[in-house]
Protein chains: 2
Amino acid sequence: MTTDLPAKRARLRDDLILAAEAAIAAGGLSALKARTLAETAGCAVGAIYNVFPDLDALIFAVNARTLEKLDAVLAATIRPDTDPETAMRRLALAYHGFSRAERRRWTAVFAHQIPDGSSPPDWYLGVVGKLFRHIEGPLAALLPDATPEVRGGLARTLFSATHGIVSLGLEEKLGPAPDEVIAQALVVMTRSWVLGLPGAVAPR
Amino acid sequence: MTTDLPAKRARLRDDLILAAEAAIAAGGLSALKARTLAETAGCAVGAIYNVFPDLDALIFAVNARTLEKLDAVLAATIRPDTDPETAMRRLALAYHGFSRAERRRWTAVFAHQIPDGSSPPDWYLGVVGKLFRHIEGPLAALLPDATPEVRGGLARTLFSATHGIVSLGLEEKLGPAPDEVIAQALVVMTRSWVLGLPGAVAPR
DNA sequence: AGCGATTTTTGAACGCCGTTCAAATTTTTC
DNA sequence: GAAAAATTTGAACGGCGTTCAAAAATCGCT
């Protein structure tokens, strides 16, 4: 019985990601411990470092999965021909809903701090980048004259703004913030974009 | 020479806050170490815990100072009679500028994660809450018919959205984000609010 | 001023963490 | 089947926040 070397490594890799994901879902980023992880995945502590350079890399793998799941949720949210306001509102509310449903996993994506000089791996930024494209459809309908560059930049801006509202609400960094209040804020915000953006991007 | 008991404690408290602030400004939240702190402030490690229940409490004290400083910057940014668009744009750009000038201290405010169940102390939320009031002036000029409650909620929303744009830009969580790009995004965003909010808050 | 009671300060020690690396084990090669 | 190479192992390391028995300082009283 030849257990196929690289396949065994790949299986351990998957087991570790699943174990890490479960730990994060149960207790947040700070609940991720090398020793617990090794026990859950059924390997020695040192084995983790045969597959990942450090726990940060493992966290990136988990966070990428969370982002992929969010991507799928957003993709299922709108049809291509939905009008811009409905589409933007649904996207924002879907984002909010996901962040509530997957509270800890989603928080981990943004709470994860990497050492000062370094930046996220390229493959990871690619996964992040896919998220913006959902907004680009509605934006194109709303701003037919905008260049793809302008639209791309704007998609990023709207994503960031939505993220700010959802994120500060979820972590309650600004005080209590009930679900319904956040949702209403998102509705007003998206409505304001639909009314204001066409004039705002046009040159003076 | 009676060295006045409570005064000595207060002095140590201040020394610790200053030492912590310097550590954070030099190397971020993760550079805050109890032993280094004690040495800088000229006390024993255990003495920290005579003044603060734990390092989290000390971090709140530092972050409150940072927020007070931001509050002062925002207060100096606009005159009472500035038109809404100019005021909002200046506030957003001032927020962005502060986050760049005080990169590490500002990052510490939002990167600071408290244990799962607990929430920030009330006095701290009070300091945070003061920040929103700067937006309320311009908002009142823009939406004369809005109730104070609506204005208050909206101020929070706009703050959160601005924060999202500045924050994701600064941490480069979505990829590279040069200063000028972020600033331009804020200009478009505030312009869109001025054009769109009056219609967006009005009932259908 | 003297001296026992009380409070405050001290820093070695504790438990836990991510990570390493010499040794044990497994797999490959001939 | 045995020697060589590659992989896996887990005790050990250095560093962390926090604690707490002991030491030092201060207070209360005569």
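Throughout, a chain's letter reflects where its sequence line sits, starting with A, and its residues are numbered from 1.
Look at NE2 on B:H112: it is 13 Å from C1' on D:dG17, rounded to the nearest Å. In this structure, B:L12 places its CG atom 20 Å from P of C:dT7, rounding to the nearest Å. One atom, CG of A:D54, and another, P of C:dC17, lie 17 Å apart when rounded to the nearest Å. Atom P of nucleotide D:dT9 and atom CD of A:E39 are separated by 14 Å, given to the nearest angstrom. Residue A:I48 contributes atom CD1, which lies 8 Å from atom P of C:dG18 at whole-angstrom precision. As rounded to whole Å, 14 Å separates atom C1' of C:dT19 from atom CG of A:L37. Between the CG atom of A:L58 and the C1' atom of C:dC17 there is a distance of 16 Å, rounded to whole Å. The distance from atom CG of B:D56 to atom C1' of D:dC16 is 14 Å, rounded to the nearest whole Å.
Within the 3.5 Å criterion, the main-chain N or O of A:L158 finds a donor-acceptor partner in the side chain of A:T162. Judged by distance alone, the side chain of A:T77 and the main-chain N or O of A:V73 form a donor-acceptor pair under 3.5 Å.
Taking the centre of each ring, B:F159 and B:Y95 come in below the 6.0 Å mark.
Within residues 21-36 of chain B, the residues that place at least one heavy atom under 4.0 Å from DNA chain C are, in residue-number order, B:R35.
B:L131 places none of its side-chain heavy atoms less than 4.5 Å from the side chain of A:L174.
The pair A:D71-A:R133 meets the salt-bridge criterion, since a charged nitrogen lies less than 4.0 angstrom from a carboxylate oxygen.
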Give me, pair by pair, the N or O atoms of the protein and of nucleotides 19-25 of chain D that are less than 3.5 Å apart, along with how far apart they are.
none

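When all heavy atoms are compared, the tightest approach of A:A155 to A:L139 is N-CD1, 3.6 Å. Contact detail for A:G199 and B:L195: the closest heavy-atom pair is C-CD1, 3.5 Å.
Sorted by first and then second residue, the pairs that involve residues 38-64 of chain A and meet side-chain hydrogen bond (donor to acceptor under 3.5 Å, both in side chains), not counting sequence neighbours, are A:D56-A:H112.
Nearest nucleotide to the side chain of A:A44, out of C:dT10, C:dT19, D:dT9: D:dT9.
Relative orientation of the A:H163 and A:W106 rings is tilted, given thresholds of 30° and 60° on the angle between their planes.
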